[in-house]
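This report refers to the structure that appears directly beneath it.
Chain letters run A, B, ... following the sequence lines, proteins first, then strands; residues in each count from 1. As the structure is a computational prediction, the values presented were derived from the model and not from experiment.
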There are 2 protein chains.
Amino acid sequence: MTTQPAFRRSEPDARRLSLIEACARVLAREGIAGASVRTIAVEAGVSAGLVGHYFAGVDALIAATYAHTGARVDTALEAAVATAGEDPRARLEAFVTASFAAPIADPELLATWIAFWSLVRARPEIAALHDEQYGGFRGQLERLLADCGLPAAQLRTMAIAITALVDGLWLELCLSPRELTATEAAAIARDALARLTSPVKATG
Amino acid sequence: MTTQPAFRRSEPDARRLSLIEACARVLAREGIAGASVRTIAVEAGVSAGLVGHYFAGVDALIAATYAHTGARVDTALEAAVATAGEDPRARLEAFVTASFAAPIADPELLATWIAFWSLVRARPEIAALHDEQYGGFRGQLERLLADCGLPAAQLRTMAIAITALVDGLWLELCLSPRELTATEAAAIARDALARLTSPVKATG
DNA sequence: AACCTTGTTGGACGTTCGTACAACAAGTGC
DNA sequence: GCACTTGTTGTACGAACGTCCAACAAGGTT
């Protein structure tokens, strides 16, 4: 197919990364069912044996892909918050709505997430990785909420609620983008955020 | 292992059901990676060939398991609403919090859901099944919200928000029950529901 | 220029996969 | 009690799987 030499040597980190990216593409295209060592190796343009050289198995590669993708998400979230300026309220809103725009609102991400979730129950060390990622998201949200003046006693509860809202919207957006558009999802999240964080009115 | 005859004939529907239940158990125990025709057949106590007799493949079996489990969820939700009595508000709250108690808050359900989600992107007919299940949930929620006097213009938006909230909480509850208990998830959902459905206060 | 380290290949191995099919047995109608 | 239908088994087959490893080549060292 190419006139190049049979293989080119890469720096270990670059090769690791190319395998991770290939894994993400395969997961997006064929789902976890098609994510075999061979398929991923072909996608990355390397031999099958090389995958085993860098990762203990497909599970470890999926975990690494999740970690890498999670880091990209974190970066995007931080960038969104930074762009929002100084107003705490604007920063909170930017954080919440960033999940419904590129690069986070991406079906390719969902494929990685689902593949990872499918490993959580059977693998304690993978469950720990999930807890870490989820806890980081919630922690950052708690900080933004505190900056908005939310009482400390409500921080955890409110952060969990907003995280659930964002995750649920994001999931549905990625699963059936024909039923729910990114614009609408963002609008719903903005409105729900306003309602959730406004003081409760007495019932009756 | 048994002194019974080599096989016992079952009614087709009963056999189908036993295969579906076996599939759910395998998904819960080993994840989608372990859900092969052979494994499921052993779990159901039948030969491997019989699975092919009832389902076109593992994907079709997973789809049937999803449909069956979804129907069980619908039944549980209807029962919760019926138990709540006549007050529209109580009925709405019962519907929302039912997801955080048996039989819905069950990691075994999550395994089925994740396996199903992993097929959505690559299979249009499975995506349609998801849209149907999700639409049914949201439709029922819209009816309950309408009974509570919510303006028609807000029905869709509010139902999507609440569905996302419930899904997100349920997902997190099933993924890491050590971090989030069912009781806390239900309390959060109740509180968030109250805030979401209370009139917005003018920003000041 | 000879050498060493190591990323990389390609093929071999045993296992498990999905599928197909002939043989068999449990009901059912007569 | 005999034929017929059909749910069910057991086996066999090719394809794809994960894993291993000897051989090879690229890049750095001396």
Side-chain angles (χ1 to χ4, degrees), chain A residues 1-23 25-27 29-65 115 118-119 122-123 125-126, chain B residues 1-23 25-27 29-65 115 118-119 122-123 125-126:
Chain A
M1 200 61 82
T2 73
T3 57
Q4 302 176 355
F7 72 88
R8 216 186 290 194
R9 165 169 298 192
S10 291
E11 291 201 4
D13 287 351
R15 186 65 86 186
R16 260 184 71 93
L17 186 58
S18 81
L19 285 173
I20 284 174
E21 289 170 345
C23 177
R25 285 196 300 274
V26 169
L27 285 176
R29 191 198 322 133
E30 309 180 36
I32 198 176
S36 69
V37 168
R38 278 173 167 78
T39 309
I40 294 171
V42 169
E43 176 73 28
V46 298
S47 70
L50 197 59
V51 175
H53 191 264
Y54 282 100
F55 299 94
V58 176
D59 292 4
L61 177 49
I62 288 178
T65 305
S118 74
L119 302 177
R123 305 291 204 85
E125 79 275 14
I126 287 196
Chain B
M1 199 65 82
T2 72
T3 57
Q4 303 175 357
F7 70 88
R8 216 186 292 191
R9 167 168 295 193
S10 290
E11 290 201 5
D13 288 351
R15 187 65 86 186
R16 260 184 73 93
L17 185 59
S18 81
L19 284 172
I20 284 175
E21 289 170 344
C23 177
R25 285 195 301 274
V26 170
L27 285 175
R29 191 197 323 133
E30 310 180 35
I32 196 175
S36 69
V37 169
R38 278 174 169 78
T39 310
I40 295 171
V42 169
E43 176 73 29
V46 298
S47 70
L50 196 57
V51 176
H53 190 265
Y54 282 100
F55 299 95
V58 176
D59 292 5
L61 177 49
I62 288 178
T65 304
S118 75
L119 302 177
R123 304 292 204 84
E125 80 275 13
I126 286 197

Inset, instruction - For residues A:Leu27 and A:Ala35, report the shortest heavy-atom separation together with the two atoms involved. - result: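 For A:Leu27 versus A:Ala35, the nearest heavy atoms are CD2-CB, 3.8 Å.
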Spacing of [atom1] belonging to [X] relative to [atom2] belonging to [Y], to within rounding of 0.5 Å:
X	Y	atom1	atom2	value
A:Arg16	A:Leu61	CZ	CG	8.5 Å
A:Glu43	A:Arg29	CD	CZ	4.5 Å
A:Ile32	A:Asp59	CD1	CG	7.5 Å

Output the rounded distance in Å from [atom1] ([X]) to [atom2] ([N]).
X	N	atom1	atom2	result
A:His53	C:dT8	NE2	C1'	8 Å
B:Glu30	C:dT16	CD	P	13 Å
B:Leu50	C:dG18	CG	P	15 Å
A:Ile40	D:dC17	CD1	P	10 Å
B:Ile62	C:dG18	CD1	P	10 Å

Legend entry - Phosphate contact (C:dG7 OP1 or OP2) by A:Tyr54 side-chain N/O below 4.0 Å: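 Looking at the OP1 and OP2 atoms of C:dG7, neither is under 4.0 Å from any side-chain N or O of A:Tyr54.
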Inset, instruction - Indicate whether OP1 or OP2 belonging to D:dG7 is found under 4.0 Å from a side-chain N or O atom of B:Arg15. - result: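 Checking D:dG7 against B:Arg15, no side-chain N or O comes under 4.0 Å of OP1 or OP2.
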Legend entry - Heavy-atom donor-acceptor pair, A:Arg38 side-chain to D:dG18 base, under 3.5 Å: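 It does, because a donor-acceptor pair links the side chain of A:Arg38 to the base of D:dG18 below 3.5 Å.
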Legend entry - First encountered from the 5' end of DNA chain D, between A:Gly49 and A:Ala33: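 Going by which nucleotide is closer to the 5' end, it is A:Ala33.
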Legend entry - Proximity to the side chain of B:Ser36 - top-ranked nucleotide from D:dG18, C:dC17, D:dT8: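 The answer is C:dC17, which lies nearest to the side chain.
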Legend entry - Proximal nucleotide (of C:dT9, D:dT19, D:dT8) relative to the A:Val46 side chain: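 Looking only at heavy atoms from C-beta outward on A:Val46, the closest nucleotide is C:dT9.
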